[in-house]
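See below for the structure under consideration.
In what follows, every heavy atom counts, from backbone to side chain, and hydrogens, waters and symmetry copies are set aside. On a predicted model such as this, the values are computed, not experimentally measured, just so you know.
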Amino acid sequence: MTAALSAHELIARHRSTLDQALEAIRTRAYWSPHPEHPKAYGEHGSLDAAAGKAAFDALLGTRLDLGQPGTDDWVGGETSPYGVDLGVTYPHADLDVLLPAMKAGQRAWRDAGAEQRAVVCLEILKRVSDRTHEFAHAVMHTSGQAFMMAFQAGGPHAQDRGLEAVAYAYVEQVRTPDNAEWTKPQGKRDPLAMTKQFTPVPRGIALVIGCNTFPTWNGYPGLFASLATGNAVLVKPHPRAVLPLALTVRVAREVLAEAGYDPNLMALAAERPGEGIAKTLATRPEIRIIDYTGSTEFGDWLEANARQAQVYTEKAGVNTVVVHSTADYKGMLSNLAFSLSLYSGQMCTTPQNLLVPRVGISTDQGPKSYDEVVADLAKAVDGLLGDDARANALLGAIVNPDVKARLEAAAGLGEVALASREITNPDFPGAAVRTPVIVKLDGAKPDAEAAYMSECFGPVSFAVAVDSASDAVELLRRTVREKGAMTVGAYTTDPEVEQDVREACLEEAAQLSLNLTGGVYVNQTAAFSDFHGSGGNPAASAALCDGAFVANRFRVVEVRREA
């Protein structure tokens with residue numbers, strides 16, 4: 001193919017960004033090339049707020065033709081959690097045509113080398129970043145996130161995670177030199193001399209199975225890790241959240257073609273209503289890598305049945321916070337209230353179980369009983385969400401009927417400390433907006449255990465009364481071991497309790513946040529610095545991002561000859 005973007009030009013544009021990303025993952029310091037503030041866009045080819053909204057509006061009711069082979073139908077049906085019918089249709093693929101076409105371009109992509117693949121990926125990310133306002137509306141109207149969260153989490157934070165994956169992929173591929181001269185002395189005889197070539201080779205076609213709640217944030221790490229390591233990537237979006245990933249595929253195909261590579265290295269697999277093509281795709285012999293975010297049930301099925309593929313899953317977990325003591329009671333309550341409320345608790349990192357000693361906790365405001373802690377937390381949530389405009393900006397919309405059903409059922413599981421209330425969104429009257437529910441449970445009662453030992457995804461939290469700090473740590477340990485956790489939080493001023501919680505998290509491989517009382521929350525992680533998940537407990541088989549997340553997406557093949 002004729003390249004409109006030369007290799008030299010792409011390196012000149014993006015090598016410095018790649019180097020900064022490599023330094024960031026080495027130091028774990030703060031860094032991001034993608035602005036978080038909406039007003040930062042509108043120059044140097046990027047869309048400002050008005051242009052981004054207009055671009056999104058222009059997509060509604062249209063056919064998104066990607067020009068990929070094997071299209072045998074057009075499918076759609078997305079309805080925004082805010083009540084808007086998107087009306088966009090996407091290509092439905094004949095897999096027997098599409099998959100061979102995707103494999104055809106892999107040789108040239110493999111031979112491009114690690115640096116060229118990395119800078120092509122960075123060009124894709126740059127073009128996505130320029131359209132962050134457009135993508136923000138697409139994420140908002142498929143996930144139900146409020147606009148600012150959709151803008152940040154679906155835009156710069158997702159782009160950061162994609163870039164982070166590219167950086168890790170590059171590091172792992174260049175760890176082995178391209179060429180080596182090997183000489184072994186043989187005493188009085190002539191030495192043995194060999195020349196050796198080492199080439200990273202892709203596994204095959206990678207399948208990204210997208211999720212409803214964070215289509216870009218959860219989708220980009222696997223997508224870019226696989227593409228940067230030489231694999232073709234087939235994106236199978238969640239049926240309710242196709243648009244953000246379809247737009248990503250369109251941008252990627254354009255960049256690949258302009259750089260002289262086969263655009264079919266990236267393709268979309270949209271599905272008809274109820275078709276369920278994920279299982280079909282996951283077991284096809286051409287699929288050699290799978291990235292999945294979603295339910296434990298289907299994640300377990302993938303791990304058991306997609307035997308031909310390297311499978312990376314992020315599944316469900318029961319996130320826990322130990323509340324033992326605090327030197328900033330007001331700050332603790334404020335921080336927890338925000339964590340429970342953000343995006344209506346529809347995050348894989350949102351705390352569910354708050355373990356509080358039944359005798360109460362010590363604070364800078366004096367001792368607080370279990371009942372007082374729970375009541376004060378309920379008041380903090382109420383205060384945070386008391387203004388409807390602020391509540392809408394934090395909560396977003398309930399993403400699907402299952403979440404709403406769980407929320408309504410939770411009130412029957414125990415004593416309700418904070419009842420959920422319905423909020424009207426004046427801009428989107430069709431949106432289902434609900435505040436969180438907090439339910440009090442006795443950790444010693446078997447019937448309560450059935451509730452708090454199961455994930456209840458959505459704005460539902462359980463204040464679990466436990467006998468002591470040691471009982472809280474033991475319950476934390478058992479929860480992570482049996483159910484998994486993406487996050488753990490703890491509040492304590494006691495060094496021994498802190499050490500016990502830390503040791504439990506190290507042994508069970510759970511990411512721990514201690515004594516958060518300011519503007520950092522347990523359910524948020526920063527690319528290049530924080531690890532999202534660990535890959536060491538049942539909640540996820542991989543961490544975003546580390547070397548293990550990328551290193552097994554390619555193998556190194558050696559060619560040697562006598563010198």
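Using a distance-only test at 3.5 Å, with no hydrogens or angles considered, a donor-acceptor pair links the side chain of T62 to the main chain of L59. A donor-acceptor distance shorter than 3.5 angstrom exists from the side chain of S344 to the backbone of L395, with no hydrogens or angles considered. N537 places no side-chain N or O within 3.5 Å of a backbone atom of V480 that could act as its donor or acceptor partner. The backbone N or O of I438 sits nowhere less than 3.5 Å from a side-chain atom of S461 that would complete a donor-acceptor pair. Looking only at distances, no side-chain donor or acceptor of D48 sits under 3.5 Å from a matching main-chain atom of Y41. Side chain of S46 to main chain of E43: a donor-acceptor pair is present (N/O by atom type, distance under 3.5 Å, no hydrogens or angles). Without hydrogens or angle criteria, T424 side chain to P426 main chain gives no donor-acceptor distance under 3.5 Å.
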Candidate pair Y452 and T479, rule side chain to side chain donor-acceptor pair (under 3.5 Å), full reasoning: CA-CA 9 Å; Y452 65 72; T479 302; over 6 Å; no
Worked check of ring-ring contact (aromatic ring centres under 6.0 Å, His included) between H137 and F151: CA-CA 8 Å; H137 288 285; F151 183 93; 9.1 Å; no
Check against side-chain contact (heavy atoms from CB on, under 4.5 Å), V233 and V208: CA-CA 7 Å; V233 179; V208 175; 3.9 Å; yes
side-chain contact (heavy atoms from CB on, under 4.5 Å) between L418 and V437, worked out: CA-CA 5 Å; L418 176 66; V437 63; 5.9 Å; no
Audit row: N353, V321, side-chain contact (heavy atoms from CB on, under 4.5 Å) steps and yes/no: CA-CA 6 Å; N353 294 344; V321 177; over 6 Å; no
Stepwise side chain to side chain donor-acceptor pair (under 3.5 Å) test for T132 and Q159: CA-CA 10 Å; T132 292; Q159 296 151 20; 3.2 Å; yes
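The residues R406 and E455 are annotated as not salt-bridged, no charged nitrogen and carboxylate oxygen being separated by less than 4.0 angstrom. Residues R250 and D65 are not paired through a salt bridge, judged by the lack of any N-O separation under 4.0 Å between the basic side chain and the carboxylate. Ion pairing of R26 with E23 is present here, as a side-chain N (NZ or NE/NH1/NH2) and a carboxylate O approach within less than 4.0 Å.
In the model, N264 has no side-chain atom that pairs as donor or acceptor with a side-chain atom of Q68 under 3.5 Å. A donor and an acceptor atom, one from each side chain of E271 and H92, are nowhere located under 3.5 Å apart. Of the N and O atoms on the side chains of H141 and E78, not one donor lies less than 3.5 Å from an acceptor on the other residue. A donor atom on one side chain and an acceptor atom on the other are not found under 3.5 Å apart for Q524 and T349. No donor-acceptor contact under 3.5 angstrom links the side chains of T213 and Q145, judged on distance only. Using modelled atom types, one finds no donor on one side chain facing an acceptor on the other under 3.5 Å when comparing N335 with T517. Judged by distance alone, the side chains of H532 and Q511 never bring a donor and an acceptor atom under 3.5 Å apart.
Judged by the 6.0 Å and 45° rule, R161 forms no cation-pi pair with F214. A cation-pi arrangement, defined by a distance under 6.0 Å to the six-membered ring centre and an angle within 45 degrees of its axis, is present between R553 and F549. With a 6.0 Å cutoff to the six-membered ring centre and a 45° limit on the axis angle, R253 does not count as a cation-pi contact of Y261.
Summarising the geometry of A337 relative to L377, their closest heavy-atom pair is N-CD1, 4.0 Å, with the distance given to 0.1 Å. Between L122 and L18 the shortest heavy-atom distance is CD2-N, 3.7 Å. Nearest heavy atom pair, residue A146 against residue A393, reads CB-O, 3.1 Å. Of all heavy-atom pairs between P33 and D160, the closest is CD-OD1, 3.6 Å. The nearest pair of heavy atoms linking A246 to L268 is CB-CD2, 3.9 Å. Between R434 and L407, the closest heavy-atom pair is CB-CD2, 3.4 Å.
The side chain to side chain contact (heavy atoms under 4.5 Å, CB included) search around D387 returns A389, R390, not counting sequence neighbours. Applying the side chain to side chain donor-acceptor pair (under 3.5 Å) criterion to D19, with sequence neighbours excluded, gives R15.
Checked against the 6.0 Å centroid threshold, Y292 and F298 count as a close aromatic pair. Proximity of the aromatic rings of H133 and F56 is defined here by a centroid distance below 6.0 angstrom, and this criterion is not met.
With L163 as the fixed residue, the side chain to side chain contact (heavy atoms under 4.5 Å, CB included) test singles out one of Y168, Y220, F528, F224: F528.
Between E314 and N218 the shortest side-chain heavy-atom distance falls below 4.5 Å.
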